[in-house]
Amino acid sequence: MAAALLANTLYSLGFVLEKRALTSLPEVTIRQPARLLRLVVGSPLWIGGSLALAAGFAAQLVVYRTLPIAAAQGIFVSGLVLLVLLSARLLGEETSGRERYALGAILLALLMVVLSLREGSDTVSQDAPYPLILLVCVPSLAAGVWLYVSAERRTRNRHRRPTTGVEYGVAVGLLYGVSSLAIKGVSSRLTTHGIGGAVLDLLSSPYPYLLLFTGVFGLVMSQAALQRCRASLIVPVCTTVTSLFTAVLGTLSFGEALPDEPLRLALRVAGTALAVAVLLTMPKHDTAPQPSPPAKELASP
């Protein structure tokens, strides 16, 4: 529990620091990934945010070794409250009434998931069949990249109303959902005795390669989206998609059984359905005031 709360704090702080750094940088785009990386790694503030996210990743490894996947996701999503508070305090972002209701409904949905858990009766699985993991992850990665590219194409239309970033959040959330499953898999591979055996065991699995793909593409896609949209909206959407993806598909892939009691099963299913319904009804166009825009784009070398 302590590791999960620490991961929440580090992730929220990391995203806010990266967003603040991006507002002072020239416009970045996924069409120029090398330039994007060159700009962000030159920002000390962005480096600080990245280090906070990396520390959150380490804390997440500890969580997945001690808690069931669904329980971990319920605790992770509680960090949305801290993210919204930090965004308002440090970024000057304001959320609309409809968005605040949506965030409240998301927290309620994941509280229902947490209440469906019972200590001692929920197993923590340590392994999953590799073909099943690939069957779940590869189509999800393709869907995330396709959705992001489609959103980018629509955004380039000059007459289109400003987007809230829901589509970006869903796309990046799918990639981070795959990354979350890979983190769970990595935590299960670290049980081998001896560093050499653990490394060989890990390299023979698909998890490090999934992490490499989601790390590179997720970084480029998330930074471009985070610069264009409010962190207080795009990060909660991304987090919710990641949590639902991991809780549902991760539970099934790693063989962590669903509750057998009718009430607990109803809470878990209803919480998942409510979170999905909220995502589908969130506003697609932005009406809230934006913080100061990024500087004009510099000429490409």
Side-chain angles (χ1 to χ4, degrees), residues 1-13 15-16 56 60 63-64 67-89 93-119 121-122 164-170 172-174 176-177 180 229-252 256-284 286-288:
M1 182 71 73
L5 294 175
L6 177 62
N8 277 350
T9 302
L10 291 169
Y11 279 135
S12 297
L13 180 62
F15 277 121
V16 169
Q60 196 174 359
V63 174
Y64 280 140
L67 286 178
I69 293 175
Q73 296 311 307
I75 298 171
F76 289 149
V77 174
S78 67
L80 292 178
V81 175
L82 177 61
L83 184 280
V84 172
L85 292 175
L86 287 176
S87 296
R89 181 71 175 176
E93 296 183 352
E94 297 180 7
T95 54
S96 67
R98 182 178 175 184
E99 290 165 357
R100 286 192 291 271
Y101 285 129
L103 291 176
I106 287 173
L107 289 175
L108 173 62
L110 288 143
L111 175 62
M112 294 167 69
V113 173
V114 173
L115 290 175
S116 73
L117 301 166
R118 173 179 293 177
E119 186 176 1
S121 64
D122 291 290
T164 57
V166 170
E167 294 165 310
Y168 289 122
V170 172
V172 177
L174 287 173
Y176 284 167
S180 191
C229 310
R230 283 179 288 132
S232 56
L233 188 64
I234 191 172
V235 175
V237 171
C238 175
T239 302
T240 302
V241 172
T242 298
S243 296
L244 288 173
F245 181 96
T246 308
V248 175
L249 296 179
T251 296
L252 297 175
E256 296 183 353
L258 293 173
D260 52 5
E261 299 176 16
L263 178 58
R264 295 173 61 219
L265 179 60
L267 282 171
R268 191 166 300 185
V269 173
T272 302
L274 175 59
V276 172
V278 171
L279 279 179
L280 293 175
T281 58
M282 288 187 76
K284 301 298 189 296
D286 209 351
T287 57

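The structure presented is a predicted model; accordingly, all values stated were derived computationally and were not measured.
Atom-to-atom distance recorded for Leu6:CG and Tyr11:OH is 10.5 Å, nearest 0.5 angstrom. Going from atom CG of Asn8 over to atom CG of Leu13 covers 12.5 Å, rounded to the nearest 0.5 Å. Atoms CZ and OG1, on Phe15 and Thr239 in that order, are 6.0 Å from each other to the nearest 0.5 Å.
Of all non-hydrogen atoms in Ser180 and Thr242, the two that sit nearest each other are CB-CG2, 4.3 Å. The two residues Cys229 and Tyr168 have their closest heavy-atom pair at SG-CD1, 3.8 Å. Considering every non-hydrogen atom in both Gln60 and Ala7, the closest pair reads N-CB, 4.4 Å. For the pair Leu174 and Val241, the tightest heavy-atom approach, listed with the atom from each and the gap, is N-CG1, 3.8 Å. Contact between Tyr176 and Cys238 at its shortest, heavy atoms only, is CD1-SG, 3.6 Å. Residue Leu274 comes nearest to Ala105 through the heavy atom pair CD2-O, 3.7 Å, listed as atom of the first residue, atom of the second, then distance.
Residues passing the side chain to side chain contact (heavy atoms under 4.5 Å, CB included) test with Ala3, sequence neighbours excluded: Val62, Val63. For Leu249, the side chain to side chain contact (heavy atoms under 4.5 Å, CB included) partners are Val136, Phe245, not counting sequence neighbours. Ser87 meets the side chain to side chain contact (heavy atoms under 4.5 Å, CB included) test with Val16, Leu83, Leu91, Glu93, Ala231, Ser232; sequence neighbours excluded.
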